[in-house]
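Notes to accompany the following structure.
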Amino acid sequence: MAGKRDERDQDPTGPGTSVIAKTRPQTKRPSLYRVLLLNDDYTPMEFVVHILQKFFNKSTDDATRIMLHVHQHGVGECGVYTYEVAETKVTQVMDFARKNQHPLQCVMEKK
């Protein structure tokens, strides 16, 4: 029996051996959404600056710049977020504006 080989002694690269390659599932990046403020003729500029600071963590300078852009162009971007975050920001802004009796509109659009 000295000449007989056990199955465990076989060459691992020989016939009957297979290599299983694990493939990682590709993770897709989430879609991003722009949160936009729309201009109106009634909401005070100071209130818009306050909104940008409170809900979008903008500095006074950045908030003022965005507010002026909204005022001059009719629309301005507050930030870009995943769907859930953008939706939450829009809801927070709209609720806060209504509670303060302002007609400010905030919307989101896919980037």
Problem - Gln72 CD to Asn39 CG distance, which is reported to the nearest 0.5 Å - result: 10.0 Å
Exercise for the section: Look only at the side chain of His102 and the backbone of Pro44, and say whether a donor-acceptor pair between them is shorter than 3.5 Å. Expected result: no
Exercise for the section: Applying salt bridge (charged side-chain N to carboxylate O under 4.0 Å, His left out), name anything that partners Glu87, two or more places apart in sequence or on another chain. Expected result: none
Exercise for the section: Check the side chains of Asp40 and Thr43 for a donor-acceptor pair under 3.5 angstrom, ignoring hydrogens and angles. Expected result: yes
Practice task
Find out whether Val90 and Val107 are in side-chain contact, i.e. whether some heavy atom of one side chain is under 4.5 Å from a heavy atom of the other.
Solution key: no
Handout entry: N/O donor-acceptor pair under 3.5 Å between His50 side chain and Glu46 backbone
Key = no
Problem - Aromatic ring proximity Phe47/Phe96, centre distance under 6.0 Å - result: yes
Practice task
Please work out which of the three classes, parallel, tilted or perpendicular, describes the rings of Tyr81 and Phe56, given edges at 30° and 60°.
Solution key: tilted
Practice task
Check for a donor-acceptor pair, side chain of Asp62 on one end and backbone N or O of Lys58 on the other, with a separation under 3.5 Å.
Solution key: no
Practice task
Would you check if the side chain of Lys89 reaches a backbone N or O of Val35 as a donor-acceptor pair within less than 3.5 Å?
Solution key: no
Problem - Cation over ring face, Lys111 and Tyr33, 6.0 Å, 45° - result: no
Exercise for the section: Not counting sequence neighbours, which residues clear salt bridge (charged side-chain N to carboxylate O under 4.0 Å, His left out) with Arg98? List them please. Expected result: none
Handout entry: Cluster link Val70 to Leu36, ILVMFWY, side chain under 4.5 Å
Key = no
Completion exercise
d(Leu68 CG, Met45 CE) to nearest 0.5 Å is 6.5 Å
